[in-house]
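If you're wondering where the values come from, they're calculated on a predicted model, not measured in any experiment. Only heavy atoms go into these numbers, but all of them, side chains included; no hydrogens, no water, no symmetry mates.
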Amino acid sequence: MSTFSEEKRTNESTDVRRFFYSREDRNEIKNLTLQYWKGETDEVMERARLASENTFVFTHRWDMERCETPVTFSNEIDWTFQFQDDFEWTVNLNRARFMAELGQAYWLTGEKSFASHYIRLMKDWIRQNPLSEEEILESQSRYYNVKDTWRKLDSGIRICNWIKGYFCVRESEEWGEAEEELFKEALALHGHYLSIAYTPHDQQSNWGFLETNGLFQIALLFPQVESSDQWMQLALERMANMCQLQVFEDGMHNEQSPMYHHEVLHCLFETVLLARKNQWSIPEIMENTLNRMFTASLSFVKPSGYQPMTSDSDHTDIRDVLSRGALLYERSDLKHQGYDVLDFEGIWYYGKDGFDVYEELETAEPAFYSTHLEQSGYTIMRNGWSPDDHYLLFDGGHMDIIRAHGHDDFLHFDLVAHGSDMIIDPGRYTYKENDHRQYFKESFQHNTCNVDGCSISTYLDSWHWEDSAQPVNRYWKGNKDYDYVQGGHNGYLRLEDPVQVMRQILFVKPHYWVLVDTFKSKHVHDFAQHFHFAEHAALHNDSSKRKIQVKGGEGGHLDMTYFQDVSLTQEDCWISRDYNQKTKSTKMVARQKGSGQTTFVTILNPYRDDEHPDMEIYEVEVHNTRSEKMSKDDVTAFEVKRGEESEVVLFSHDGPKSFQFADTQMTGDVLLIKRSCDEEERFIIKV
């Protein structure tokens, strides 16, 4: 049986180019999707049926801006229509995923009407949306976004969806020479436009990949179209340059949004797979970059199989992405976090042969648990790879390279306990320029800290910030016994009385996390921590014990115990798991006033319904080498007792020193002692 990782690629000139699927694959694709993915098949069929009736709804998991409200055009389709004044609805309409789904529906059912409606909608769009050379050139000052229906990004996506549908419906009796000629004219027009409409900003933005994937597919699959050779050269040059410019060494796309990381990954995946299928030589950097991007996705996937909702991301299941990557690179670690069988779209990409190879591919737990993505600034702490394990994602990186999809979320973290979302990012909700956009982007709606009621950076509008904070004092260290990360930012140095901010998180594996937030200032300020809880979480605030008790879903619990006297306030908040959707939830705000040094120290202890939170916490005195007792401004130390085991943890707030504490003496900045019966292990986490 052939594999997908050892295909020889040579640019042999041929008029017959291979798409992801061909007519020989039809019955097997139909049988496999109906057998293993009936739910997704039914969704595709329903959206195709609606499109046949001029009703459009955007509910695919990878629709960048979902809208679950169907919109029907009773007469002629208005391709510029904005539902509820949201331009993102317009661009979804013009990206035309429904054209691919009409083709899929035709193959799955054999109903000619689906092919007829593909043809009707293609003709209608072309008739209503002409494009001239003059319009393209005149739009240079608008970065070549000619008009609402001819934006670069949407045009690249649209033509890929048209091509997917075309390779299905061209077999129908409804498809004749006139339709073929019209389709080829549309390809030529899209190719011409995409070859011109490319700017330095596109080269740095996810837009460039989405546009260039379309140009590449036209050039590769339709060599009879004039200028296809030139477009192929352009597409590969652009792809190679963007791989170098846009993707960090750690594999994360440099807009640092999981959602747009996967949009870029998707485009690069389609390009690489089509090149392999056609034995077409491509720059090596494209293959290597794609593989690193899959590794980054593996690094931050949650135990549920979903991506985190940071930086304009939705709560999207990414196991389909990991499954396709597992097959492309024959990676057993990606399959471990993917699906047991190849996903619905994966079957269309790879066919029966690919389905069988995936089935035979071994599954192996990834070689790492926790990881630190140095360039993008994400740190992920885990105790394992099972669906009910713990997970914490910390964001200590800069906002993003082009200030596009980044939120004001310095030092934010997500926390999953026993596989259940506990503390989460509230999401994005909308791109409309309104109060909701500002609400979901500013730091108050992230699990981070604020000073004097000021956001970390200054919000101007959806896509612009002022005084963008930068990271400082970043450090990471991890092993089988603990993970530790710290980070700060300079966002509050702009205040009249500047404030230094530092967040430290220690994961004492696999038991609990320690969260330490430190503020240093000359004068008195109001300091606040924000924690946003998942919609299913039930909260109990026990101020007498300095404790927040959280009951999550599926039997998971989380106790948050404070060392200091803090003011705890429970407030309403919104959680948006998908674009255009928001649900009421609850947040807690912890507050202190202080000057000099002000510290919040919190133990976050997860446990199950059938477990008792067997934890006692004691403050530990610390002395210097002269046996003088040290102040809490200088050092925080405590012992955590858990039955027969205990840990002593020390955080210095004044740099590395030598400390006497808990019947021992150690030197460093962050220290850990683990004790069990007569055994003791000492760890100098940071000096």
Side-chain angles (χ1 to χ4, degrees), residues 379 394 396 410-411 413 448-452 471-477 482-493 495 497-508 512-529 546 560-566 590-604 617-640 647-662 664-673 682-687:
T379 302
F394 172 73
F410 253 121
L411 315 184
F413 72 95
T448 186
C449 310
N450 292 112
V451 179
D452 295 338
V472 298
N473 298 324
R474 293 169 56 191
Y475 180 83
W476 149 259
K477 187 176 182 181
Y482 65 83
D483 292 327
Y484 173 78
V485 68
Q486 71 175 44
H489 61 76
N490 63 3
Y492 293 117
L493 297 184
L495 301 180
D497 176 45
V499 178
Q500 299 178 38
V501 181
M502 171 75 78
R503 170 162 279 182
Q504 299 166 280
I505 302 177
L506 172 65
F507 184 20
V508 180
Y512 57 88
W513 291 273
V514 182
L515 173 68
V516 179
D517 288 334
T518 306
F519 305 88
K520 295 185 178 182
S521 62
K522 289 184 178 179
H523 304 297
V524 175
H525 293 271
D526 293 313
F527 304 108
Q529 297 173 310
R546 301 174 175 172
M560 303 173 62
T561 305
Y562 276 89
F563 264 49
Q564 293 80 16
D565 287 321
V566 298
R591 294 181 172 90
Q592 288 190 75
K593 283 182 178 288
S595 61
Q597 177 171 295
T598 305
T599 304
F600 295 74
V601 180
T602 318
I603 308 294
L604 300 101
I617 306 169
Y618 303 94
E619 191 170 353
V620 171
E621 285 192 359
V622 181
H623 297 80
N624 62 22
T625 54
R626 296 181 177 84
S627 298
E628 299 165 333
K629 184 178 178 180
M630 302 186 71
S631 75
K632 295 179 182 179
D633 285 346
D634 292 328
V635 64
T636 295
F638 53 88
E639 182 177 13
V640 177
E647 294 85 31
V648 181
V649 180
L650 182 147
F651 291 88
S652 173
H653 304 307
D654 193 30
K657 294 183 178 180
S658 187
F659 302 98
Q660 297 184 72
F661 65 106
T664 190
Q665 183 168 342
M666 293 178 68
T667 300
D669 195 15
V670 181
L671 307 171
L672 171 65
I673 304 171
R682 301 181 184 183
F683 303 94
I684 300 174
I685 296 174
K686 182 177 182 292
V687 176

**Q** Quick one: CG on L495 to NE2 on H523, what's the gap to the nearest 0.5 Å?
**A**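 Reported value, rounded in 0.5 Å steps: 11.5 Å.
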**Q** Decide yes or no for K520 and M502: does some side-chain heavy atom of the first lie under 4.5 Å from some side-chain heavy atom of the second?
**A**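 Not in contact.
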**Q** Go through the steps for D452 and Y492 under the test side chain to side chain donor-acceptor pair (under 3.5 Å), then give the verdict.
**A** CA-CA 10 Å; D452 295 338; Y492 293 117; over 6 Å; no
**Q** Between N473 and Q486, do the side chains contain an N or O donor and an N or O acceptor separated by less than 3.5 Å?
**A**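 Note: N473 and Q486 side chains miss the donor-acceptor criterion.
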**Q** Quick one: pull up OG in S658 and NE2 in H623 and give me the separation to the nearest 0.5 Å.
**A**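 Atom-to-atom, S658:OG and H623:NE2 are 13.5 Å apart.
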**Q** Is there side-chain contact between Q529 and C449, with heavy atoms separated by less than 4.5 Å?
**A**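 Side chain of Q529 against side chain of C449, heavy atoms only: contact under 4.5 Å found.
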**Q** Say you draw a straight line from CZ of F519 to CG of D526; how long is it, rounded to the nearest 0.5 Å?
**A**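 One finds 11.0 Å between CZ of F519 and CG of D526.
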**Q** With a 4.5 Å heavy-atom cut-off, do L506 and I685 have their side chains touching?
**A**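 They are in contact (side-chain heavy atoms under 4.5 Å apart), so the answer is yes.
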**Q** Which heavy-atom pair separates G487 from L411 by the least distance, and what is that distance?
**A**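 Scanning both residues, the minimum pair turns out to be O-CD2, 3.5 Å.
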**Q** So, applying ring-ring contact (aromatic ring centres under 6.0 Å, His included) with F638, which one of Y562, Y618, F563, Y512 is it?
**A**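 The residue from Y562, Y618, F563, Y512 that satisfies ring-ring contact (aromatic ring centres under 6.0 Å, His included) with F638 turns out to be F563.
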**Q** Please evaluate residues T664 and R682 with respect to the criterion side chain to side chain donor-acceptor pair (under 3.5 Å), reporting the C-alpha separation (whole Å), side-chain torsions for both, the decisive distance (0.1 Å), and the verdict.
**A** CA-CA 10 Å; T664 190; R682 301 181 184 183; 2.7 Å; yes
**Q** Using the rule given for side-chain contact (heavy atoms from CB on, under 4.5 Å), can you reason through I684 versus L671, listing the C-alpha separation, both sets of side-chain angles and the distance that settles it, and then say yes or no?
**A** CA-CA 5 Å; I684 300 174; L671 307 171; 4.1 Å; yes
**Q** Which pair of non-hydrogen atoms, one from V566 and one from A590, has the smallest distance, and what is that distance?
**A**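 So the two residues come closest at CG2-CB, 4.4 Å.
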**Q** Compute whether any side-chain donor of one residue and acceptor of the other, for T518 and Q597, lie under 3.5 angstrom apart.
**A**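 Not at all, the side chains of T518 and Q597 share no donor-acceptor pair under 3.5 Å.
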**Q** Do I603 and I617 have side chains that approach each other closer than 4.5 Å (heavy atoms only, starting at C-beta)?
**A**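 Answer yes - side chains close enough.
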**Q** Could you tell me whether the side chain of R503 reaches within less than 4.5 Å of the side chain of L515, counting heavy atoms only?
**A**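 In contact.
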**Q** Quick check: closest heavy atoms across S652 and G668, and the distance to 0.1 Å?
**A**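 Shortest heavy-atom separation between S652 and G668 comes out as CB-O, 4.4 Å.
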**Q** Would you give the length of the straight line joining atom OG1 of T598 to atom NZ of K593, rounded to the nearest 0.5 angstrom?
**A**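 Interatomic distance, T598 OG1 to K593 NZ, rounded to 0.5 Å: 11.0 Å.
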**Q** Going by the angle between their ring planes, with limits at 30° and 60°, are F659 and F661 parallel, tilted or perpendicular?
**A**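 Judged by the thresholds at 30° and 60°, the geometry between F659 and F661 is perpendicular.
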**Q** Quick one, F413 and W513 - any side-chain contact, counting heavy atoms below 4.5 Å?
**A**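 A side-chain contact under 4.5 Å is absent here.
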**Q** Return the NE2 to OG1 distance between H653 and T599, rounded to the nearest 0.5 Å.
**A**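 Answer for the NE2-OG1 pair, H653 versus T599, is 4.5 Å.
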**Q** Step by step, would you call I673 with E647 a side-chain contact (heavy atoms from CB on, under 4.5 Å)?
**A** CA-CA 5 Å; I673 304 171; E647 294 85 31; over 6 Å; no
**Q** For residues K657 and N624, determine if any side-chain heavy atom of one lies less than 4.5 Å from a side-chain heavy atom of the other.
**A**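 Side-chain contact under 4.5 Å: no.
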**Q** Please check if the number of heavy atoms outside K477 that lie under 6.0 Å from its NZ is greater than 12.
**A**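 Yes, the 6.0 Å shell around NZ holds more than 12 heavy atoms from other groups.
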**Q** Would you please test H525 and S595 for side chain to side chain donor-acceptor pair (under 3.5 Å) and show each step?
**A** CA-CA 6 Å; H525 293 271; S595 61; over 6 Å; no
**Q** Cation-pi check, K686 to Y475: give yes when NZ or CZ is under 6.0 Å from the six-membered ring centre and within 45° of the ring axis, no otherwise.
**A**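 Output yes; distance and angle both within limits.
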**Q** One thing to verify: whether D497 and K522 come together as a salt bridge, which I'm taking to mean a side-chain N less than 4.0 angstrom from a carboxylate O.
**A**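 Salt bridge: no.
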**Q** Distance check, rounded to the nearest 0.5 Å: T636 atom OG1 versus Q564 atom CD?
**A**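 It comes to 6.5 Å.
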**Q** Do R546 and D565 come close enough that some side-chain heavy atom pair is under 4.5 Å?
**A**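 The answer is yes, as the side chains (C-beta and beyond) meet within the 4.5 Å cut-off.
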**Q** Between S521 and V499, is there a donor-acceptor pair closer than 3.5 Å when you use the side chain of the first and the backbone of the second?
**A**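 Judged by distance alone, no pair lies under 3.5 Å.
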**Q** Is the centre of the Y482 ring less than 6.0 Å from the centre of the F683 ring?
**A**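 Centroid distance Y482-F683: below 6.0 Å, so yes.
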**Q** Go through T625 and Q660 one step at a time and tell me if the side chain to side chain donor-acceptor pair (under 3.5 Å) criterion holds.
**A** CA-CA 7 Å; T625 54; Q660 297 184 72; over 6 Å; no
**Q** Could you go through the side-chain contact (heavy atoms from CB on, under 4.5 Å) check for L650 and M666 one step at a time?
**A** CA-CA 10 Å; L650 182 147; M666 293 178 68; over 6 Å; no
